[in-house]
Amino acid sequence: MYVFLKILVSALVIGAVTEIARRFPTYGGIIAALPLVSLLSIIWLHVQGEAMERISTFALGVLWGFPATAFLLVIVYLSLQHSLHLYAAIGLGLAGWALFLVLQDVVIKQAKIFFLS
């Protein structure tokens with residue numbers, strides 16, 4: 001039952017955001033930037049009885065992914081501004097996102113070695 005409810009609520013949120021974005025692109029973007037998916041996921045995890053430690057770890061994972069997601073959106077924005085096809089812009093954004101995550105991991109590991117040595 002929870003799976004159906006999660007899918008329904010998530011679909012309604014996405015549908016509402018895209019309808020707002022269609023009529024008011026800037027406001028739709030602002031609403032889409034809200035941490036709706038993260039918060040819904042945290043709520044669903046809590047409702048399903050996950051331990052607070054696991055939910056906290058999930059929240060930290062979202063935080064670690066945020067800079068890469070911002071980088072993805074910058075790439076998509078710039079690509080579309082330069083008339084790249086939507087799917088090419090998304091592909092470049094995803095590649096940039098993955099590269100950013102790898103580089104972020106390397107930098108963090110090196111910083112730990114440098115500061116903890």
Side-chain angles (χ1 to χ4, degrees):
M1 182 64 178
Y2 280 131
V3 172
F4 178 71
L5 182 62
K6 288 189 293 187
I7 292 169
L8 179 64
V9 170
S10 300
L12 289 172
V13 168
I14 292 168
V17 170
T18 56
E19 283 303 309
I20 292 168
R22 202 165 55 84
R23 292 180 179 92
F24 310 101
T26 301
Y27 295 128
I30 291 168
I31 293 169
L34 293 171
L36 296 172
V37 172
S38 301
L39 293 176
L40 281 173
S41 298
I42 288 170
I43 291 168
W44 295 135
L45 288 169
H46 175 71
V47 167
Q48 290 177 210
E50 286 294 328
M52 286 301 145
E53 183 179 320
R54 289 187 61 90
I55 295 173
S56 176
T57 302
F58 169 79
L60 181 62
V62 171
L63 183 60
W64 282 118
F66 176 73
T69 299
F71 190 63
L72 173 148
L73 292 171
V74 167
I75 292 171
V76 170
Y77 167 76
L78 292 173
S79 297
L80 293 174
Q81 287 294 307
H82 288 90
S83 301
L84 230 58
H85 189 274
L86 174 64
Y87 296 124
I90 292 171
L92 283 175
L94 287 171
W97 176 80
L99 180 62
F100 192 100
L101 285 175
V102 169
L103 291 175
Q104 175 179 290
D105 190 50
V106 168
V107 167
I108 289 170
K109 286 179 181 175
Q110 292 301 315
K112 284 181 182 178
I113 292 169
F114 179 77
F115 289 113
L116 298 177
S117 299

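Just so we're clear, the structure is a prediction, and the values are computed from it rather than from any experiment. Counting from 1, the numbers follow the sequence of the chain as shown.
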Chemist: Taking a hydrophobic cluster as the set of Ile, Leu, Val, Met, Phe, Trp and Tyr residues connected by side-chain heavy atoms closer than 4.5 Å, whether directly or through intermediates, do Val102 and Leu63 fall within one such cluster?
Modeler: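 Val102 does not cluster with Leu63.
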Chemist: How many angstroms lie between CG in Asp105 and CZ in Phe100, if you round to the nearest 0.5 Å?
Modeler: 12.0 Å
Chemist: Check whether Ile55 and Val47 end up in the same hydrophobic cluster, where Ile, Leu, Val, Met, Phe, Trp and Tyr are linked by side-chain heavy atoms less than 4.5 Å apart.
Modeler: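 Different clusters.
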Chemist: Grouping I, L, V, M, F, W and Y whenever their side-chain heavy atoms are under 4.5 Å apart, do Val76 and Leu101 come out in a common cluster?
Modeler: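 Same hydrophobic cluster.
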Chemist: Are Leu86 and Leu94 connected in a single hydrophobic cluster, I mean Ile/Leu/Val/Met/Phe/Trp/Tyr linked by side-chain heavy atoms less than 4.5 Å apart?
Modeler: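 Leu94 and Leu86: one cluster.
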Chemist: Nearest 0.5 Å, what's the CG-CG distance between Leu84 and Leu80?
Modeler: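 Those atoms lie 7.5 Å apart.
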Chemist: To the nearest 0.5 Å, tell me how far Leu45 CG sits from Leu40 CG.
Modeler: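 Rounded to the nearest 0.5 Å, the CG-CG separation comes out at 11.0 Å.
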Chemist: Mind checking whether Ile31 and Val13 sit in one hydrophobic cluster, side chains of I, L, V, M, F, W, Y counted as touching below 4.5 Å?
Modeler: yes
Chemist: Would you find a donor on one side and an acceptor on the other, under 3.5 Å apart, between the side chain of Thr18 and the backbone of Ile14?
Modeler: yes
Chemist: Does any non-hydrogen side-chain atom of Leu5 lie less than 4.5 Å from one of Trp44?
Modeler: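 Yes, at least one pair of side-chain atoms sits under 4.5 Å.
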Chemist: Give the C-alpha distance, both sets of side-chain angles, the deciding distance and a yes or no for side-chain contact (heavy atoms from CB on, under 4.5 Å) between Val62 and Val37.
Modeler: CA-CA 10 Å; Val62 171; Val37 172; over 6 Å; no
Chemist: Can you name the closest pair of heavy atoms from Ala32 and Val17 and give their distance?
Modeler: CB-CG1, 3.8 Å
Chemist: Return the CZ to OG distance between Phe66 and Ser38, rounded to the nearest 0.5 Å.
Modeler: 10.0 Å
Chemist: Any non-hydrogen side-chain atom of Gln48 less than 4.5 Å from a side-chain atom of Lys6?
Modeler: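 A side-chain contact exists here, since the closest heavy-atom pair is under 4.5 Å.
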Chemist: Working to the nearest 0.5 Å, report the span between OH of Tyr27 and CD1 of Ile30.
Modeler: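 Those atoms lie 7.0 Å apart.
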Chemist: To the nearest 0.5 Å, how far apart are NE2 in His85 and CG in Leu92?
Modeler: 12.5 Å
Chemist: Under the 3.5 angstrom rule, does the side chain of His82 hit a backbone N or O of Leu78 as a donor-acceptor pair?
Modeler: yes
